[in-house]
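Since the structure comes first, as structure tokens, the remarks are kept for the end.
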Amino acid sequence: MTSSLQSLKAAIERVILDPANHDLLAVVKGARNGAVYGAKVRFPHALVMVFLFRSGTFRQKVDLVFRATRTHARNLAKFATIYKFMCYALKRWGPTPGKEGPYDNLLAGLVGGYFVFGQRSRKSGKISSVNQQIVIYVFARVVLALARLAVKPGAATGLPFVSREKPSAMISHYAWPVFAAASWGLVMHLFRHHPDDLQPSLRSSMNYIYLQSNEWDGLRNFVVHNK
């Protein structure tokens, strides 16, 4: 039995280590890594948020954690599969076969983002809260990267004037405090006057901190827990 397993392992390794199979197998491993990373990231986050801030029975909470983890893992796996397969296809059958085009990654990302993260639920007609969180996370980092590129001295992506050395240094020094102040000022204004338009998990957190802190009827729910 051990010999058979060793032979099977050797045969599989011959396939996965064959350079001719590398690009297609990279699609498979991308799906695997997307699923693993999504589960690792979402499970502890969902576990804490659901058990601390959501109501319901223990079984209902476990189900919510499982569904959020499954959605995150599945969608990252699906996106990785679409993205990497499109990159493979464009490299192999694109305008310059065998070479990666300058916009292959952009096109593959657009298609993957649309079909994986841009769709509404068939049952509810709503966009998944997990997908919203992932896209907002990515969007925030894209904006920060584009802002850095816009003021990067000597970069082809730099904007006129602001990418010069002195203006760039000044903007880099003062931009974050202004950005932080504007972000918190706007989110508090929206929370006060338009709470229903904020993302649900953010609204729930803000309710806990800023509204539930206004109510108590004794020492226990002043110190230990909310009413």
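For the single chain, residues carry numbers from 1 onward in sequence order.
Counting heavy atoms of neighbouring residues, nucleotides and ligands inside a 6.0 Å radius, atom OH of Tyr37 does not exceed 12 of them. Within 6.0 Å of atom CD in Glu13, more than 12 heavy atoms from other residues, nucleotides or ligands are found, so the atom counts as buried in its surroundings. With a 6.0 Å radius and a threshold of 12 heavy atoms from other residues, nucleotides or ligands, Lys78 has its NZ atom above the threshold. Atom NZ of Lys152 is surrounded by 12 or fewer heavy atoms from other residues, nucleotides or ligands within 6.0 Å. Around the OH atom of Tyr88, the shell of radius 6.0 Å holds more than 12 heavy atoms that belong to other residues, nucleotides or ligands. For Trp93, the CH2 atom is densely surrounded, since the number of other residues' heavy atoms within 6.0 Å is greater than 12.
Considering CG of Asp23 and NZ of Lys91, their distance stands at 5.0 Å, rounded to 0.5 Å. Rounding to the nearest 0.5 Å gives a distance of 6.5 Å between OG of Ser129 and CD of Gln199. Atoms CD and OG, on Gln119 and Ser128 in that order, are 12.0 Å from each other to the nearest 0.5 Å. In this structure, CG on Leu107 lies 5.5 Å from CG on Leu90, to the nearest 0.5 angstrom. A distance of 11.0 Å separates NE2 in His45 from CG in Leu47, rounded to the nearest 0.5 Å. The CG atom of Leu64 sits 10.5 Å away from the OG1 atom of Thr69 when rounded to the nearest 0.5 Å.
A donor-acceptor pair is defined here as one N or O able to donate and one able to accept, closer than 3.5 Å; no such pair exists between the side chain of Ser204 and the backbone of Pro200. Using modelled atom types, no side-chain atom of Arg32 and backbone atom of Val28 make a donor-acceptor pair closer than 3.5 Å. The main-chain N or O of Val151 is found under 3.5 Å from a side-chain atom of Ser168 such that the two form a donor-acceptor pair.
Val187 places none of its side-chain heavy atoms less than 4.5 Å from the side chain of Phe191. Contact check for Phe51 versus Val65: side-chain heavy atoms found under the 4.5 Å cut-off. A heavy-atom distance below 4.5 Å is found between the side chains of Asn105 and Glu100. The closest side-chain heavy-atom distance from Arg42 to Gln133 is below 4.5 Å. Side-chain contact check for Asp197 versus Leu190: every heavy-atom pair is 4.5 Å or farther apart. Annotation: side chain of Met206 is not in contact with side chain of Ile209 (no heavy-atom distance under 4.5 Å). Between Val135 and Ile127 there is no side-chain heavy-atom pair separated by less than 4.5 Å. Val130 is not listed as a side-chain neighbour of Asn75, based on a closest heavy-atom distance of 4.5 Å or more.
Criterion: ILVMFWY side-chain heavy atoms under 4.5 Å apart, direct or through other members. Under it, Leu8 and Leu17 are part of a common hydrophobic cluster. Note on Leu25 and Phe85: separate hydrophobic clusters, where clusters join Ile, Leu, Val, Met, Phe, Trp and Tyr whose side-chain heavy atoms are under 4.5 Å apart, directly or indirectly. If you chain together hydrophobic residues whose side chains sit under 4.5 Å apart, Val27 and Leu76 never meet in one group. Residue Leu211 is grouped with residue Leu198 when hydrophobic side chains (ILVMFWY) are merged at heavy-atom distances under 4.5 angstrom, including chains of intermediate members. Under a hydrophobic-cluster definition in which Ile, Leu, Val, Met, Phe, Trp and Tyr are linked whenever side-chain heavy atoms come within less than 4.5 Å, directly or via other members, Val41 and Tyr83 are assigned to the same cluster.
Nearest heavy atom pair, residue Ala80 against residue Gly30, reads CB-O, 3.3 Å. Among all heavy-atom pairs drawn from Ala46 and Ala68, the shortest one is CB-CB, 4.1 Å. The two atoms that bring Asn214 and Tyr210 nearest to each other are ND2-O, 3.4 Å, heavy atoms only. When every heavy atom of Pro97 is checked against every heavy atom of Arg92, the shortest pair comes out as CB-O, 3.5 Å. Minimum heavy-atom separation, Pro44 to Ala39: CD-O, 4.1 Å. Nearest heavy-atom pair, Glu165 versus Pro153, reported as atom, atom and distance to 0.1 Å: CA-CG, 4.3 Å.
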Full working for side-chain contact (heavy atoms from CB on, under 4.5 Å) between Ser205 and Met49: CA-CA 9 Å; Ser205 300; Met49 296 301 292; 4.0 Å; yes
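You'll find the ring centres of Phe115 and Phe79 outside the 6.0 Å limit.
Note that Arg164 lies outside the cation-pi zone of Phe161, set by a 6.0 Å cut-off to the ring centre and a 45° limit from the axis.
Comment: Arg67 engages Asp63 in a salt bridge, judged by a side-chain N to carboxylate O separation of less than 4.0 angstrom.
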